[in-house]
Amino acid sequence: MALLSKKNEASAEFEILPEHLGIIMDGNGRWAKKRALPRSAGHKAGANVFRTISKECERLGIKYVTFYAFSTENWKRPKEEVDALMNLFMDYLLEAKSDMTKAGNSKIKFIGEREGISQELLDLMDEAEEETAPHTGTTVYLAINYGGRQEIVSAVNSLISQGKTQITEDDISTNLYTVPECDLIIRPSGEERLSNFLLWQAAYSEFWYSDVLWPDFKVENLHKALSDFESRNRRFGG
């Protein structure tokens with residue numbers, strides 16, 4: 001099972017932190033609709049929250065955090081919304097290039113399938129990974145064109161290509177995109193489902209739900225989730 005991160009000076013308010021935190025960034029569209037704004041405005045506001053929360057995860061000393069940004073199913077959305085999301089990823093990476101090199105110590109990694117993503121965006125993703133590879137702080141996984149079932153299939157196909165004829169749980173765990181175990185999954189917006197996110201890694205995850213839409217999610221909400229996690233008695237099926 002995943003180990004838990006011990007507190008550091010920045011996170012003195014917590015005795016125990018999750019080693020791997022998963023966050024489903026949900027509610028951008030509803031946030032925009034409530035304000036009579038285009039859905040793209042909600043995604044832009046959500047991207048700003050992503051920056052804030054990822055920086056707080058690094059400050060607290062959380063080792064891994066995976067943000068669910070764009071699922072394999074999201075291609076079914078209207079083309080204008082998908083295009084706006086892809087442009088937003090581009091803008092984020094262009095803005096973040098200097099931010100990642102001048103401030104913070106996070107390492108960024110992208111998980112998911114590359115098919116369907118423009119070469120320009122793929123190049124920026126590769127650059128971001130290369131530039132932050134030496135960093136030793138939080139590893140931020142950004143799940144783009146990602147699906148949990150697809151990830152498991154990819155791991156199995158990788159093992160088959162290695163000549164494996166019998167596959168163990170450890171084999172699959174070591175061939176996933178992210179570290180195997182996820183200690184805590186946060187989903188705002190009032191929905192209470194995984195939506196094909198970290199299916200293998202979530203076998204013994206704790207879950208924390210909130211009615212707060214992602215663009216309204218604040219550091220205080222993160223702290224509340226971490227405080228609740230700290231109080232739970234995790235028995236891993238025992």
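With hydrogens and angles left out, the side-chain atoms of Glu120 and Ser118 include no donor and acceptor closer than 3.5 Å. With hydrogens and angles left out, the side-chain atoms of Thr178 and His20 include no donor and acceptor closer than 3.5 Å. When only modelled atom types and interatomic distance are considered, Thr136 and Asn105 share a side-chain donor-acceptor pair under 3.5 Å. Donor-acceptor pairing under 3.5 Å is recorded for the side chains of Glu58 and Ser106. With hydrogens and angles left out, the side-chain atoms of Trp208 and Asp228 include a donor and acceptor closer than 3.5 Å. Ser154 and Asn157 share no side-chain donor-acceptor pair at under 3.5 Å. Using a 3.5 Å distance cut-off with no hydrogens or angles, the side chains of Thr168 and Asp171 do pair a donor with an acceptor.
Remark: Arg149 engages no residue in a salt bridge (charged side-chain N to carboxylate O under 4.0 Å, His left out) (not counting sequence neighbours). Applying the side chain to side chain contact (heavy atoms under 4.5 Å, CB included) test to Arg193 and every residue at least two apart in sequence or in another chain returns Arg187, Glu191, Ser195. Partners of Glu129 under the salt bridge (charged side-chain N to carboxylate O under 4.0 Å, His left out) rule, at least two apart in sequence or in another chain, do not exist in this structure. Partners of Gln162 by side-chain hydrogen bond (donor to acceptor under 3.5 Å, both in side chains), not counting sequence neighbours, listed by chain and number: Ser158, Asn175. Taking the salt bridge (charged side-chain N to carboxylate O under 4.0 Å, His left out) definition, one finds that Glu113 meets it with nothing, sequence neighbours left out. Partners of Glu56 according to the side-chain hydrogen bond (donor to acceptor under 3.5 Å, both in side chains) rule, which considers only residues two or more places apart in sequence or in another chain, are Arg59, His223. Judged as a side-chain hydrogen bond (donor to acceptor under 3.5 Å, both in side chains), and not counting sequence neighbours, the contacts of Arg232 are Glu206. Every residue two or more places apart in sequence or in another chain that forms a salt bridge (charged side-chain N to carboxylate O under 4.0 Å, His left out) with Asp83 is listed here: Lys79. In this structure, Glu192 has no side-chain hydrogen bond (donor to acceptor under 3.5 Å, both in side chains) partners at least two apart in sequence or on a different chain. Taking the ring pair (Phe, Tyr, Trp, His ring centres under 6.0 Å) definition, one finds that Phe50 meets it with Phe67, Tyr92, sequence neighbours left out.
In the hydrophobic clustering of ILVMFWY residues, with side-chain heavy atoms under 4.5 Å counting as a link, Trp75 and Leu122 come out together. Met25 and Leu88 fall into different hydrophobic clusters, where Ile, Leu, Val, Met, Phe, Trp and Tyr residues are linked whenever their side-chain heavy atoms come under 4.5 Å apart, directly or through other members.
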**OP:** For the pair Asp216 and Lys34, evaluate salt bridge (Lys or Arg N to Asp or Glu O under 4.0 Å) and give the outcome as yes or no after the intermediate values.
**Re:** CA-CA 12 Å; Asp216 291 325; Lys34 285 174 64 176; 5.5 Å; no

Subject >> side-chain contact (heavy atoms from CB on, under 4.5 Å) assessment of Thr138 paired with Leu60 >> reply: CA-CA 9 Å; Thr138 300; Leu60 290 171; over 6 Å; no

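A salt bridge does not link Asp211 with Arg30: every distance from a Lys NZ or Arg NE/NH1/NH2 to an Asp or Glu carboxylate oxygen is 4.0 Å or more. A salt bridge does not link Asp183 with Lys63: every distance from a Lys NZ or Arg NE/NH1/NH2 to an Asp or Glu carboxylate oxygen is 4.0 Å or more.
Of all non-hydrogen atoms in Pro188 and Val212, the two that sit nearest each other are CB-O, 2.9 Å. Taking both residues in full, the closest heavy atoms of Cys57 and Val65 are given as SG-CG2, 4.2 Å, listed atom of the first, atom of the second, then distance. In this structure, Phe14 and Ser227 approach most closely via the heavy-atom pair CE2-N, 3.7 Å. Looking at every heavy atom in both residues, Pro215 comes nearest to Ala45 through CB-CB, 3.8 Å. A pairwise comparison of heavy atoms in Gly42 and Ala32 identifies N-CB, 3.8 Å as the closest pair. The heavy-atom pair separating Phe110 from Ala128 by the smallest distance is CE1-CB, 4.1 Å.
For NZ of Lys44, the number of neighbouring non-hydrogen atoms (other residues, nucleotides, ligands) closer than 6.0 Å is 12 at most. Within a 6.0 Å radius of CD in Glu115, other residues, nucleotides and ligands contribute 12 heavy atoms or fewer.
Counting only heavy atoms from C-beta outward, the side chains of Lys33 and Arg39 never approach each other to under 4.5 Å. Residues Leu21 and Thr66 form no side-chain contact, since every pair of their non-hydrogen atoms from C-beta on lies 4.5 Å or further apart. When side chains are defined from C-beta on, Phe70 counts as touching Val82, because their heavy atoms get closer than 4.5 Å. Within the 4.5 Å cutoff, the side chain of Thr139 has heavy atoms near those of the Lys109 side chain. Put simply, the side chain of Asn87 does not reach to within 4.5 Å of the side chain of Ser40, judged on heavy atoms.
Cluster partners of Tyr68, by chain and number: Ile24, Tyr64, Ile111, Tyr141, Tyr146, Ile152, Val156, Leu159, Ile160, Ile167, Ile172, Leu176, Tyr177, Val179, Ile185, Leu194, Phe197, Leu198, Leu199, Trp200, Phe207, Tyr209. The rule joins Ile, Leu, Val, Met, Phe, Trp and Tyr whenever side-chain heavy atoms lie under 4.5 Å apart. The hydrophobic cluster containing Leu213 also includes Trp31, Leu37, under a criterion of side-chain heavy atoms closer than 4.5 Å among ILVMFWY residues, counted directly or through chains of members.
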